[in-house]
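The figures that follow rest on heavy atoms only: side chains count, while hydrogens, waters and symmetry mates do not.
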Amino acid sequence: MGKDTIADIITLIRNADMNRKSIVQIPLTKITENIVKILLREGFVENVRNHRESNKDFLVLTLRYRRRNRKGSSKTLLNLKRISTPGLRIYSNYHRIPRILGGMGIVILSTSRGIMTDREARLERIGGEVLCYIW
């Protein structure tokens, strides 16, 4: 785990999804907890529970079931992309928040009122740092 916790949890979820794992264990921080709440609310994750192991707290995510196509290979359900990095911060006002797949995906933003999706930020008319895209 590096110093970029958001990139670490995105990588953990993406790797588990590509390797057809149904359960992911990620370290618990306030930022990861808020991002996971958004994933749960938007339907990208089925279930979330807290787990404590050797004085460390973890979030255990249950990923949604993927359909298999006829050839037996499974299609990845989650596509996650980190946008703003510690070396290059990307900010956007509420007019210029990007729409992912015409509104089918979500953009997670860090605003002055907390971490929220692009729809919530447009409704509240606030901008912020663009953390990641999920579709």
**Q.** Partners meeting salt bridge (Lys or Arg N to Asp or Glu O under 4.0 Å) with Glu42 (sequence neighbours left out)
**A.** Arg119
Q: Return the set of residues passing salt bridge (Lys or Arg N to Asp or Glu O under 4.0 Å) with Arg99 (not counting sequence neighbours), or none when no residue passes.
A: none
Q) If you take all heavy atoms of Leu59 and Asn50, which pair is closest and at what distance? A) CD2-OD1, 2.9 Å
Q.
Going by the rule salt bridge (Lys or Arg N to Asp or Glu O under 4.0 Å), which residues pair with Arg52 if we only count those two or more places apart in sequence or in a different chain?
A. Asp57
Q: Working to the nearest 0.5 Å, report the span between OH of Tyr91 and OG1 of Thr111.
A: 12.0 Å
Q | Closest contact, heavy atoms only, Pro98 versus Asp118 | A | O-OD2, 3.9 Å
Q. Is there a path from Leu109 to Ile100 through hydrophobic residues (I, L, V, M, F, W, Y) whose side chains come within less than 4.5 Å of each other?
A. yes
Q: Determine, using the 4.5 Å side-chain heavy-atom cutoff (strictly less than), whether Ile106 and Val45 are members of one ILVMFWY cluster.
A: yes
Q) Hey, quick one: are Ile38 and Leu63 part of the same hydrophobic cluster, counting side-chain heavy atoms closer than 4.5 Å, chains of contacts allowed? A) yes
Q.
Could you measure the distance from the CG atom of Asn15 to the CE atom of Met18? Nearest 0.5 Å is fine.
A. 5.0 Å
Q. How far does CG of Asn34 sit from CD1 of Ile108, to the nearest 0.5 angstrom?
A. 10.0 Å
**Q.** Remaining members of hydrophobic cluster (4.5 Å side-chain criterion), Ile23
**A.** Val60
Q | Residues which pass salt bridge (Lys or Arg N to Asp or Glu O under 4.0 Å) with Glu46, listed by chain and number, not counting sequence neighbours | A | none
Q) According to a 4.5 Å side-chain heavy-atom criterion applied to Ile, Leu, Val, Met, Phe, Trp and Tyr, with indirect links allowed, do Ile83 and Met116 form part of one hydrophobic cluster? A) no
Q. Got Ile6 and Asp4 here, is their nearest side-chain heavy-atom distance under 4.5 Å?
A. yes
Q. Roughly how far, to the nearest 0.5 Å, is CD1 of Ile115 from CD of Glu33?
A. 10.5 Å
Side-chain donor-acceptor distances from residues 24-31 under 3.5 Å, at least two apart:
| from | atom 1 | to | atom 2 | distance (Å) |
| --- | --- | --- | --- | --- |
| Thr29 | OG1 | Thr32 | N | 3.2 |
| Thr29 | OG1 | Thr32 | OG1 | 3.0 |

Q | Val36 versus Leu61, closest heavy-atom pair with distance | A | CG1-CD2, 3.3 Å
Q) Are Ile9 and Leu39 connected in the hydrophobic side-chain network, where two residues link if heavy atoms are under 4.5 Å apart? A) yes
Q.
Applying side chain to side chain contact (heavy atoms under 4.5 Å, CB included), can you list everything that pairs with Thr85, at least two apart in sequence or on another chain?
A. Arg82, Leu88
Q.
Given 3.5 Å as the limit, does a donor-acceptor pair link the side chain of Asp17 with the main chain of Ile13, or not?
A. no
(Q) Return the CZ to NE2 distance between Arg49 and His51, rounded to the nearest 0.5 Å. (A) 7.0 Å
Using distance only, find each side-chain donor-acceptor pair of residues 123-135 under 3.5 Å and give its atom names and separation, not counting sequence neighbours.
| from | atom 1 | to | atom 2 | distance (Å) |
| --- | --- | --- | --- | --- |
| Glu124 | OE1 | Arg113 | NH1 | 2.9 |
| Arg125 | NE | Tyr94 | OH | 3.1 |
| Arg125 | NH2 | Tyr94 | OH | 2.5 |
| Glu129 | OE2 | Ser84 | OG | 2.6 |
| Glu129 | OE2 | Arg89 | NH1 | 3.0 |

Q) Which heavy atom in Glu120 sits nearest to a heavy atom in Thr117, and how many Å separate them? A) OE1-N, 3.2 Å
